[in-house]
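Here's the structure, in C-alpha cells; my notes come after.
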Amino acid sequence: MFALVDCNNFYASCERVFRPELEGRPVVVLSNNDGCIIARSNEAKALGLKMGEPYFQVKELLRQHDVAVCSSNYELYGDMSRRVMWYLGQVAPELEVYSIDEAFLNLSGMTRYLGDLTEYGARVRADVLQRTGIPVCVGMAPTKTLAKLANRVAKANSKVAMSTLAGSGVLCLDTDDKRQEALARVGVEDVWGVGHQYAAKLYAAGYRTAADLAACPLPWARKNLGGVVGMRLVRELQGYPCLSMEPSEDGGQARKSIACTRSFGKPVTEFEDVMGAVATFVSRAAEKLRRQGSAARVLTVFVSTNRYGNEPPPYTRSALVTLPVASDDTLELAAQARHLLGKVWRPGTLYKKAGVMLDGLERAGQQQLGLFEQPAAVSVSGKRAELMGTLDALNRRFGKGTVIIGSASVRKGAGADWAMNREQKSPAYTTSWGELWRINL
DNA sequence: TCTGGGGTCCTAGGACCC
DNA sequence: TCTGGGGTCCTAGGACCC
C-alpha cells in the first residue's frame, strides 16, 4: 500500500500561514519575475483563474475581485516543505519526497500496525495542519498511480460528497469497488503520466476516463503512450505495482543534473551584463553541486531572446563543454562558462533569458581522472576545494551573496537589468533573522 | 510594457564493436 | 535472388512531472 500526501494549493497556503487575514480571500502566487500565476487558493480557482496564466493579462480581473497577489518566495516554501516532510518521515517507515509539496509513503507491511487506513490518513492530515498550518489531502492505494488518483479524488471530494467513497480529504482505494468508482470519476487527462499529447491521442481513440484507460489493451498502450511507460501506466491503474519507492536520502536526494536559469527583468544587450547573470547562475548551480557532494563533467550555457511575439525572430543558442575531469569549482566552471557564452554570443541582440546546466554528475573526490591529467592539476584542485568550502561557509553564515566571484558582480548603471522583478514578495519569515514575523500587541 | 523554473525517464538512430 | 547476428555506447529529442 502506498500513500500520497499532497499539500493543498501549497504556495498559497504557505503565504496564508503567516498572513491569516488572507483566509477566505482569493490568493494567487506568481512565478519568478512576476510572470505567470503558478498557485491559486480555492477562491482564486473559483474565479476561473488558470494555472500558468500570464499575470499581465489578468491584472485587472485580480484587482476587481480584490485578489491577494504574491511574488514567489521559494525560501519560505522550501522551509515549510521541510517541516511537512520531516513530520511525514516520522509516521511511515519509508518516505519519498516527490516534489516540494508532495510525498509518497510506503505502508507495505504496516497496515496491521496502522489499523484502519482511512483513520490513519485523517490523523496524518490533522497533524500536518496542526504542526505546520498547511492543509493536505491523503490518497492511499496499492500502486503509486492509483494513490495519485485517490489523492485527486480526495481533493475534489473535500467539496463534493461521493456516493460510496469517504470524504474529508482522505481516500483509501483498498477494494476493487472503490478502485472502479474512483477510476470512473477521473478524466483520462487527469491521470498521472498523461499529458497533453497522450490525452489527445486517447480522446481520439475513444478513451475518456481513467477507467477506460485501465481497460486499454497493453499493445495499444505500448504503441501510443511511449512504449514501456504506457504499459506501466495501464498496469498501475489495474492495481499491479510497476513503480517502486525511491526513498529520499537524508539531506535531500542527489540530483542527476542541476540547472539555474532565469528570465531577465529587462532585456540585456551587453556581454559583460549577460556574463554577470551567467556567472551568478554558475555560482548558484555549483553551490548546489557541492552541497550534494557532486562534481559535473558537462556544462551547458544557453541564451535566448523573447520567445513571444514575432519580431525580431527568436534567437536561442546553447553550447556545452565536456571537462576532462568533473569539477565542482565555481571559478573553473565560470571560466568555462565565459568561453561558452562567447560561442553563442551574437552582438546587438536583446537577450531576455539565460541559464546554465550541469550534467554528467559524479561523486566529488572520486572523479574519473583523464588519461593525460597532470598531477599538478590535482593538487591545485585540493587548494581550490578549500577555497570553495570557505566561500560556502561565509555565504551560509553571513547570508547569500556575501562573497561572490568577480564576474558575477553587477556593473554600474544598467548592469542589474537582468535581476528579477518581484514586486510583492513576502518576507523570509522562517529563514532570515531580519525578517521574522512581527506581532504588534 | 508585461508570458517561470527545475527536473526525470525513455526511445530512436548512428557509430562502433566482434 | 542472394547480401549475418548480436551487441554497446552516445546523443538528441520527446514526453512527462510539479
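Every chain is numbered from 1, with letters handed out A, B, ... down the list of sequences. Values below: every heavy atom of this structure, side chains too, minus hydrogens, waters and symmetry copies.
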Nearest whole Å is fine: how far is [N] [atom2] from [X] [atom1]?
X	N	atom1	atom2	result
A:L233	C:dC17	CG	P	9 Å
A:E102	B:dG7	CD	P	16 Å
A:L225	C:dG14	CG	C1'	14 Å
A:K256	B:dG7	NZ	P	13 Å
A:M51	B:dG4	CE	C1'	10 Å
A:K223	C:dA15	NZ	P	15 Å
A:F10	C:dC18	CZ	P	15 Å
A:Y77	B:dG6	OH	P	16 Å

TODO: Dump the intermediate steps for side-chain contact (heavy atoms from CB on, under 4.5 Å) on A:L76 and A:Y11, then the final yes or no.
DONE: CA-CA 9 Å; A:L76 178 64; A:Y11 298 165; over 6 Å; no
I'd like to know if [X] pairs up with [Y] as an ion pair, taking the criterion as any Lys NZ or Arg NE/NH1/NH2 lying under 4.0 Å from an Asp or Glu carboxylate oxygen.
X	Y	value
A:D79	A:R83	yes
A:D34	A:R422	no
A:R297	A:D359	no
A:K400	A:E287	no

Just to be sure I understand the rule, does [X] reach a base, reach only the sugar-phosphate, or reach nothing, if contact means heavy atoms closer than 4.0 Å?
X	value
A:Y55	nothing
A:K148	sugar-phosphate
A:R422	nothing
A:N33	nothing
A:I258	sugar-phosphate
A:D101	sugar-phosphate
A:E53	nothing

Open item on the list: What's the gap between C:dC17 and B:dG4 when it is taken at their C1' atoms, as a whole Å value?
Closed with: 15 Å
Task: Quiz item: cation-pi between A:R346 and A:Y315, 6.0 Å / 45° - done: yes
Under 3.5 Å, which N/O atoms of the protein pair with N/O atoms of nucleotides 9-11 of chain C?
none

- [ ] Show your reasoning for whether salt bridge (charged side-chain N to carboxylate O under 4.0 Å, His left out) applies to A:D392 and A:R396.
- [x] CA-CA 6 Å; A:D392 292 340; A:R396 241 194 326 272; 5.5 Å; no
OP1 or OP2 of [N] under 4.0 Å from side-chain N/O of [X]:
X	N	result
A:T261	B:dG4	no
A:S263	B:dT3	no
A:Y11	B:dG4	no

Between [options], spot the one nearest the side chain of [X], thanks.
X	options	value
A:I38	B:dT3, B:dG4, C:dC18	B:dG4
A:S99	B:dT3, B:dT8, C:dC18	C:dC18
A:F56	C:dC18, B:dC2, B:dG6	B:dC2
A:C260	B:dG4, B:dG6, B:dT3	B:dG6
A:N32	B:dG6, C:dC18, B:dG4	B:dG4

- [ ] Between A:G226 and A:G265, just flag the one whose closest nucleotide in DNA chain B comes earlier from the 5' side.
- [x] A:G265
Task: 5'-most by nearest nucleotide on DNA chain B - A:R307 or A:S257 - done: A:R307
Open item on the list: So which atom in A:E43 and which in A:P26 form the shortest heavy-atom distance, rounded to 0.1 Å?
Closed with: CB-CA, 3.6 Å
- [ ] Could you tell me which non-hydrogen atom of A:D328 sits nearest to which non-hydrogen atom of A:A364, and how far apart they are?
- [x] OD2-CB, 4.0 Å
- [ ] Please state whether the rings of A:W192 and A:F104 are parallel, tilted or perpendicular, taking 30° and 60° as the class boundaries.
- [x] tilted
Task: Single hit among A:E15, A:E435, A:R19 for side chain to side chain donor-acceptor pair (under 3.5 Å) with A:S426 - done: A:E15
Open item on the list: Quick check on contacts: within residues 343-364 of chain A, what sits under 4.0 Å from DNA chain B by heavy-atom distance?
Closed with: A:K352, A:K353
